[in-house]
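Chain letters run A, B, ... following the sequence lines, proteins first and then strands; every chain starts at 1.
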2 protein chains.
Amino acid sequence: MVSERLTRAAVAERALCLADAEGLEAVTIRRLAQVLGVTPMALYWHFKNKDELLLGIADHALSAVKATRDPSDPWQAQLRAMVEALVRVIREHPCLTALLQVVDKHQAASFARATNDALALLGQAGFGLRESFWVASYLLQGAVGLVASEPDRCPASLTGPEAAEWRRQRRLTMEKLSPDEFPMVVAFARTLEDAPDLERYYDLGIDLLLAGVEGVAKRNG
Amino acid sequence: MVSERLTRAAVAERALCLADAEGLEAVTIRRLAQVLGVTPMALYWHFKNKDELLLGIADHALSAVKATRDPSDPWQAQLRAMVEALVRVIREHPCLTALLQVVDKHQAASFARATNDALALLGQAGFGLRESFWVASYLLQGAVGLVASEPDRCPASLTGPEAAEWRRQRRLTMEKLSPDEFPMVVAFARTLEDAPDLERYYDLGIDLLLAGVEGVAKRNG
DNA sequence: ACCTGAACACCGTTCAAGT
DNA sequence: ACCTGAACACCGTTCAAGT
């Protein structure tokens, strides 16, 4: 690998690619150093330890969250635009699902930015500060959960044919369950033959998240 | 440690305790073997590898999910009872938040049981099979997310005083953000002085989850 | 059937040293 | 300021061997 001068940003960018391609567990100090054409210990100059490196990757990835929303729109529409922007970025960088569970997100500037916008909007919706923060967490976790539970998602480390086999095995284990004990699951397994409509999945998911906020907001206001 | 004869269940139980007390990362084959008073390789007789061990722990913990619900109640009430039962168990075993992200849940019998019940109920609510499964995923991820984002939650590895210091540091980093750029976050940080009302947090969270399902169901029906 | 001992290829991290 | 080399205490896992 080419070994130019390292930068925090360059290291984070490479690590992000590696994590999206092969899963977060592929991002080891030693492996990443090898990809960067450098000694493992070189990374410790730019990041205090592995936790800080992971935080740097998350911060780097989350900085791409940009909601195009019209401040004159009602808060519901603006909130939806924010959630859609968030889901879009997490779909582009699936390693964020693992990353956001592992790192202390509140230390990332890009996360503070998004939280701040959400808090402002939820204030308009009639929530107090504490409630707003809880609702914002619900939305973030929901967005992460949607991508993590995306139909047919398999470990990032698998190649194309391996992934197909993985899905087949998954369907088979569900189909082989006792039809007396688990009739609904067995019936559902049969629907897995056809590829799922991902856009419908995400539309429903985002609807669920926002309908939750709107339902609770109405009750409050 | 006492070294009686090992069982799959006994190993899973011990591992669950260790994971809840010190975090899932404390559950290594070697560490667990030491706690059980046995050689690391002994565990490989009962579990094919570490993934299967983690699945066993999750299955063991999830088997405690028992919703007391009245079949004559409307589906909304029954669904709420199920979500409440799920949240209760995850709160009792916080390592489930990490565990359920890592393992292939659909291979766990106790998970199939809960999924089957949820699918039946969501059918009553007017959802098709595929949609029901997506909604069930939303609820599961939501329950996990609620516990994972519980206010003031800190790494399980920290002891009492360490946890307090961790929370103090966390509040300080948020308070020190630029009040011009992040006014809402800085204002929120000040509310962190008082201990949060966890029951209000979980009530709101569960309301959000169910309001989402009810809102989308109404639109469909 | 159930468990051990030794070995292998990995980790993250520290510390002294080089330029 | 930026990076290297050697070393330490950890991992999961295999394989042959013991009872």
Side-chain angles (χ1 to χ4, degrees), chain A residues 1-19 21-58 95 98-99 101-104 107 155-158 162, chain B residues 1-19 21-58 95 98-99 101-104 107 155-158 162:
Chain A
M1 270 299 145
V2 202
S3 89
E4 299 183 6
R5 190 65 152 290
L6 289 186
T7 333
R8 264 184 82 96
V11 174
E13 175 62 28
R14 282 285 219 180
L16 182 60
C17 288
L18 182 57
E22 302 186 35
L24 192 59
E25 66 279 6
V27 180
T28 67
I29 297 279
R30 298 169 114 104
R31 175 84 190 278
L32 183 57
Q34 185 190 326
V35 166
L36 289 164
V38 93
T39 281
M41 284 65 66
L43 300 183
Y44 283 91
W45 180 259
H46 302 275
F47 296 91
K48 187 160 129 279
N49 53 34
K50 189 168 179 185
D51 280 348
E52 222 196 54
L53 168 66
L54 294 177
L55 185 65
I57 305 174
C95 74
L99 219 33
Q101 318 280 352
V102 159
V103 303
D104 186 14
Q107 290 187 38
S157 51
L158 301 184
E162 283 171 345
Chain B
M1 271 298 145
V2 200
S3 88
E4 298 184 5
R5 190 65 153 288
L6 288 187
T7 331
R8 264 184 81 97
V11 175
E13 176 61 29
R14 282 285 218 179
L16 183 60
C17 288
L18 183 56
E22 302 186 32
L24 191 60
E25 66 279 5
V27 179
T28 68
I29 298 279
R30 299 169 114 103
R31 175 83 189 278
L32 183 57
Q34 186 190 325
V35 166
L36 289 163
V38 93
T39 283
M41 285 65 66
L43 300 183
Y44 283 91
W45 180 258
H46 303 275
F47 296 92
K48 189 161 129 280
N49 52 34
K50 189 169 179 183
D51 280 348
E52 222 196 53
L53 169 66
L54 294 177
L55 185 65
I57 305 173
C95 74
L99 219 35
Q101 318 280 351
V102 159
V103 303
D104 187 12
Q107 291 187 37
S157 51
L158 301 183
E162 284 170 343

Would you say B:Tyr44 places a side-chain N or O within less than 4.0 Å of OP1 or OP2 belonging to D:dT14?
no
Using the side-chain heavy atoms of A:Ile29, tell me which of these nucleotides is nearest: C:dC2, C:dG12, D:dC3.
C:dG12
For the side chain of B:Met41, starting at C-beta, report the closest nucleotide among C:dG5, C:dT13, C:dG12.
C:dG5
Compare side-chain N and O positions of B:His46 against OP1 and OP2 of C:dC3 and report whether any pair is under 4.0 Å apart.
yes
Gap between atoms CG and C1', on A:Asp51 and C:dT13 respectively (whole Å):
12 Å
Could you state the atom-to-atom distance from CG of A:Leu53 to P of C:dC11 in whole Å?
14 Å
Rounded to the nearest Å, what distance is computed from the CZ atom of residue A:Arg30 to the C1' atom of nucleotide D:dG5?
12 Å
Length of the line joining B:Arg31:CZ and D:dC10:P, which is rounded to integer Å:
11 Å
B:Thr39 side chain near C:dC3 phosphate (N/O to OP1/OP2, under 4.0 Å):
no
Side-chain atoms of A:Trp45 come closest, of C:dC11, D:dC3, D:dT13, to D:dC3
Paired to C:dA9 by Watson-Crick or G-U wobble criteria (both distances under 3.5 Å) is none
B:Gln34 CD to C:dT4 P: how many Å, rounded?
13 Å
Between the side chain of B:Arg30 and the main-chain N/O of B:Pro40, is any donor-acceptor distance below 3.5 Å?
no
Starting from P on C:dT14, measure out to CG on A:Asn49 and report it in whole angstrom.
8 Å
